[in-house]
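Remarks on the structure that follows.
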Amino acid sequence: MQFRDLQRQYERLKLPIDQAMADVVASGRYIMGVEVMELEKELASYVGTKHCISCGNGTDALYLALRVWDIGKGDAVFVPDFTFFATAEVVAMVGATPIFVDVDKDTFNISASDLKVKVDRIKKEGRLNPRAIIAVDLFGLPANFEALRSIAQKENLYLLEDGAQGFGGSLTDQRACSFGDISTTSFFPAKPLGCYGDGGAIFTDNDDWANVASSLRAHGKGRDKYSNIRIGVNSRLDAIQAAILRVKLQAFKDHELQLVNEVAEMYAQYLGNIGKVVLPKVPQGYTSSWAQYTIRLDSSVYREKLKSTLAADGVPSMVYYPIPLHRLEAFGYLGVDCGSCPVASVLSDTVLSLPIHPYMMENEVKQVVNAIKKCADE
Ligand SMILES: *Cc1c(COP(=O)(O)O)cnc(C)c1O
C-alpha cells in the first residue's frame, strides 16, 4: 500500500495529462505563457479571490507575501509551533523574528487564545514590531479564521494564510486560500492539488499587492522585463506544470475532493471508538481537503508500537511532525524556552498520519483499520 498513491491518480488521468504535456512541448512556450495564465484564472475563480499569482513553490509563495508587506528586521511574525518548517523559515529568510504560538489539540491549528497571549507579550516587551500572523491550514483543515481575523484587525496585523495543505478545504462556504489578506498554496506532488515537480501560488484581492508579487517573482521587473525596479527572485511556475495542474484541478473539482472525504468518512466509521486512538475532528461548518489523516495516541511508546504493527501489515504511516518548531536546531538561536508551546510538544510525541488519498479503496481502509484494532487488542 502507498501512503499517497500518485501513480493511481496518473493511471486514471493518463490520457489528458500526457496530451497536456505533449502540447506544451510542441508549443515551444516553456516559461509563463497561456497555460500559466489560464491556470491562474481558474485557480482564482475556484478559491474566490480576485488575483492568483503562481510561483516556483509554496515556500517562495510565503516568502513573496512577506516581501510584499515589506516585513523584515525588527518585525515579529506569529506562526503556529506545529507545522512544516517552511512556515517559519520564510520569516527568518526576510530577517524578521518568528514567534511560536501553541496549537489547538483537536484541530492541530494555531490557537487563538495563545496567539493573544503571545501578541501581548511581544507588545509588552517592546523589542519587536508585531506585523503579521501566518495561519496554517494543517492537514487540510482551515484554521479558525473568524477568531484570527478579529485578532488581526484589533492588533493591526496582516493575516497570511499558509494553505499549502489546505487547498480545497472550506469554512461556511468560503474556500481555503481566500481567508488571508494574502493566502498561499503549494503544488508539491503530495499536496491536495499537486503537480509533477515544484509549484506554488499566491492569492489576494488587493491589486497593488498582486502587482508587487508579480514583479517580485520575476526579478523585480517594472513595466517590462528589463526595467527592474526592485530586488526580486526568479520564482515562476513552469508551463508544463501549469498544464498538468489544469488537468488535475478539473479532476480535483469533479471527483477527488469528494472521494477523499469519503475515505475520511470510512476511516471514522470503521475506526469508531477504539480506546487510545483519537480521530481527527472537523468542527461544524468546516470541510477538510485531507492532506493528511492524522490520529492521536495516548503515548509515544504506543505510537511506536502501532507504527511497527502497521508496517508489519504492509501499511505505511508517517509522523507529521516529530519536532515542534521551537525545539528545532535551526531556531536554536532564538532561545525559545521549552515550555512555551505545551500542546505542540505533546502532539509531536503522539500523532500518527495514516495513508489517505482520493483513490484509496475501501478494502485498503479496512486493512489499515484492522491493523490498528489488532494493535489495540494486544
Ligand atoms: C509543503 C508546505 C510548505 C512549503 O511548500 P513547498 O512547495 O514544498 O515549498 C509550506 N507550508 C506548509 C504548511 C507545507 O505543508
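Basis for what follows: all heavy atoms, side chains included, without hydrogens, waters or symmetry-related copies. The first residue of the sequence shown is numbered 1, and numbering continues consecutively from there. Whatever order the structure lists ligands and atoms in, that order sets their numbers, starting from 1.
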Worksheet item: Strictly under 4.0 Å, does any heavy atom of V136 approach an atom of ligand 1?
Response: yes
Response to the item:
If you scan protein heavy atoms around atom 4 (C) of ligand 1, the nearest is T59 OG1, 3.4 Å
Fill in: For atom 2 (C) of ligand 1, the protein heavy atom that lies nearest, with its residue and separation
K191 NZ, 2.6 Å
Item to complete: Could you tell me which atoms of ligand 1, counted from 1 in the order shown, lie closer than 4.0 angstrom to a heavy atom of N57?
Response: 7 (O), 9 (O)
Discussion item. We want to know whether Y321 and D81 form a side-chain donor-acceptor pair, criterion being a heavy-atom distance below 3.5 angstrom.
Written reply: no
Practice prompt. Would you please say whether a donor-acceptor pair under 3.5 Å links the side chains of H219 and Y226?
Written response: no
Worksheet item: So, do T294 and P280 sit near enough that their side-chain heavy atoms are less than 4.5 Å apart?
Response: no
Worksheet entry | Proximal atoms of ligand 1 relative to T87 (non-hydrogen, under 4.0 Å) | 11 (N), 13 (C)
Discussion item. I'd like to know if the side chain of S308 pairs up with that of E304 as donor and acceptor (distance under 3.5 Å, no hydrogens or angles considered).
Written reply: no
Worksheet entry | Aromatic ring proximity, centroids under 6.0 angstrom, F85 and F331 | yes
Discussion item. Taking NZ in K307 as the centre, count heavy atoms belonging to other residues, nucleotides or ligands within less than 6.0 Å. Is the count above 12?
Written reply: yes
Practice prompt. Do me a favour and list the nearest non-hydrogen protein atom to atom 10 (C) of ligand 1 with residue, atom name and distance?
Written response: D162 OD2, 3.6 Å
Item to complete: Specify whether F100 and H326 have parallel, tilted or perpendicular ring planes, treating 30° as the upper limit for parallel and 60° as the lower limit for perpendicular.
Response: tilted
Worksheet item: What atoms of ligand 1 come closer than 4.0 angstrom to any heavy atom of S186?
Response: 5 (O), 6 (P), 7 (O)
Worksheet item: Which ligand 1 atoms are under 4.0 Å away from a heavy-atom of T83?
Response: 13 (C)
Practice prompt. Under 4.0 Å from a heavy atom of F84: give me the atoms of ligand 1 that qualify, with their elements.
Written response: 2 (C), 3 (C), 12 (C), 14 (C), 15 (O)
Practice prompt. Heavy-atom contacts with A164 under 4.0 Å: which atoms of ligand 1 show up? List them by number with element.
Written response: 2 (C), 3 (C), 10 (C), 11 (N), 12 (C), 14 (C), 15 (O)
